[in-house]
Amino acid sequence: MKKLILIASILFCTQINAQENTKISTIDFVQTVNNNTKELVYYYQNNWEVLRKMAIKKSYIDSYQFLETKPTAEAPFSFMLITTYKNKTQFDAREEHFQELIKAKGKLELLNTKKPGDFRKTLFSKDVYHKEN
């Protein structure tokens with residue numbers, strides 16, 4: 001019986017550790033508003049991407065991608081923004097870490113006088129847990 005309890009304990013701890021080390025990606029599905037693609041791309045390259053580069057240097061995230069796609073009736077978004085975290089610890093600290101980076105970066109960079117709400121709309125976001133290999 002003691003061996004069975006020990007084996008169950010080891011399996012349980014291994015499962016928890018595997019969950020802690022599983023990568024997690026957050027994906028934002030973004031729609032371009034009023035054909036303002038230049039403003040949207042500029043905004044993400046000079047704000048979102050800058051923050052992700054800073055986050056990688058500080059080991060706050062594992063990676064990021066800014067992907068463009070053609071919108072359809074079923075999927076009316078133009079861009080997918082993916083931020084991947086090494087593990088649950090990085091993922092759980094994301095809000096605190098990005099607030100720190102936003103403060104350090106300073107003012108929002110815009111192409112012109114249009115505000116983010118004038119050129120982008122986040123349709124939805126999904127958190128994706130990567131399968132273990």
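Note that this is a predicted model, so its numbers are computed, not measured. Counting begins at 1 with the first residue of the sequence.
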Query - Name of the residue among Met54, Glu100, Glu96, Lys86 meeting side chain to side chain contact (heavy atoms under 4.5 Å, CB included) with Tyr60 - result: Glu100

Requested in this report: Tell me, with the steps shown, if Leu40 and Val30 meet side chain to side chain contact (heavy atoms under 4.5 Å, CB included).
Outcome: CA-CA 10 Å; Leu40 185 144; Val30 179; 3.9 Å; yes

Query raised in the report: Just wondering, do Tyr42 and Phe119 contact through their side chains at under 4.5 Å, heavy atoms?
Result: no

Query raised in the report: Would you call Glu39-Arg120 a salt bridge at under 4.0 Å N-O?
Result: no

Report task. Measure the shortest side-chain to side-chain distance between Ile82 and Thr84 over non-hydrogen atoms and say whether it is less than 4.5 angstrom. Result -> yes

Query raised in the report: With side chains defined as the heavy atoms from C-beta onward, is the minimum distance between Ile56 and Lys53 less than 4.5 Å?
Result: no

Query raised in the report: Hey, does the side chain of Asn34 reach the backbone of Asn36 with a donor-acceptor pair shorter than 3.5 angstrom?
Result: no

Requested in this report: Check whether any side-chain heavy atom of Arg52 sits under 4.5 Å from a side-chain heavy atom of Ile61, and report yes or no.
Outcome: yes

Query raised in the report: Is there side-chain contact between Tyr129 and Ile24, with heavy atoms separated by less than 4.5 Å?
Result: yes

Requested in this report: Report yes or no: does Gln99 contribute a side-chain atom to a donor-acceptor pair with the main-chain N or O of Glu95 at less than 3.5 Å?
Outcome: no

Query raised in the report: Rounded to the nearest 0.5 Å, how far does CE of Met80 lie from CD1 of Ile27?
Result: 5.0 Å

Query - Geometric class of the Phe29/Phe124 ring pair [parallel <30°, tilted 30-60°, perpendicular >60°] - result: parallel

Query raised in the report: So, does Asn47 use its side chain to make a donor-acceptor pair with the main chain of Tyr43 at under 3.5 Å?
Result: yes

Query raised in the report: How many angstroms lie between atom CD of Gln90 and atom CG of Asn87, to the nearest 0.5 angstrom?
Result: 5.0 Å

Query raised in the report: What is the distance from atom NE2 of His97 to atom CD1 of Ile102, rounded to the nearest 0.5 Å?
Result: 13.0 Å

Requested in this report: Considering non-hydrogen atoms only, spot the tightest contact between Gln31 and Pro76 and give its length.
Outcome: NE2-O, 3.1 Å

Query raised in the report: Got Trp48 and Thr83 here, is their nearest side-chain heavy-atom distance under 4.5 Å?
Result: yes

Query raised in the report: Do Phe79 and Tyr44 have ring centroids that are under 6.0 Å from one another?
Result: no

Just distance, no hydrogens or angles: give the donor-acceptor pairs under 3.5 Å from side chains in residues 62-71, sequence neighbours left out.
residue : atom : partner : partner atom : Å
Asp62   : OD2  : Lys23   : NZ           : 2.8
Tyr64   : OH   : Glu49   : OE2          : 3.3

Query raised in the report: Does Thr72 use its side chain to pair, donor to acceptor, with the backbone of Ala75 at less than 3.5 Å?
Result: yes

Report task. Can you measure from CZ (Phe98) to CG (Leu51) and round to the nearest 0.5 angstrom? Result -> 6.5 Å

Report task. Applying side chain to side chain donor-acceptor pair (under 3.5 Å), name anything that partners Asp127, two or more places apart in sequence or on another chain. Result -> Thr26

Query raised in the report: Should Leu81 and Leu108 be counted in the same cluster of Ile, Leu, Val, Met, Phe, Trp and Tyr side chains packed under 4.5 Å apart?
Result: yes

**Report entry** Heavy-atom side-chain contact between Pro116 and Leu110 under 4.5 Å
**Finding:** yes

Report summary line: Rounded to the nearest 0.5 Å, the OG atom of Ser78 sits from the NZ atom of Lys121 at a distance of 12.5 Å

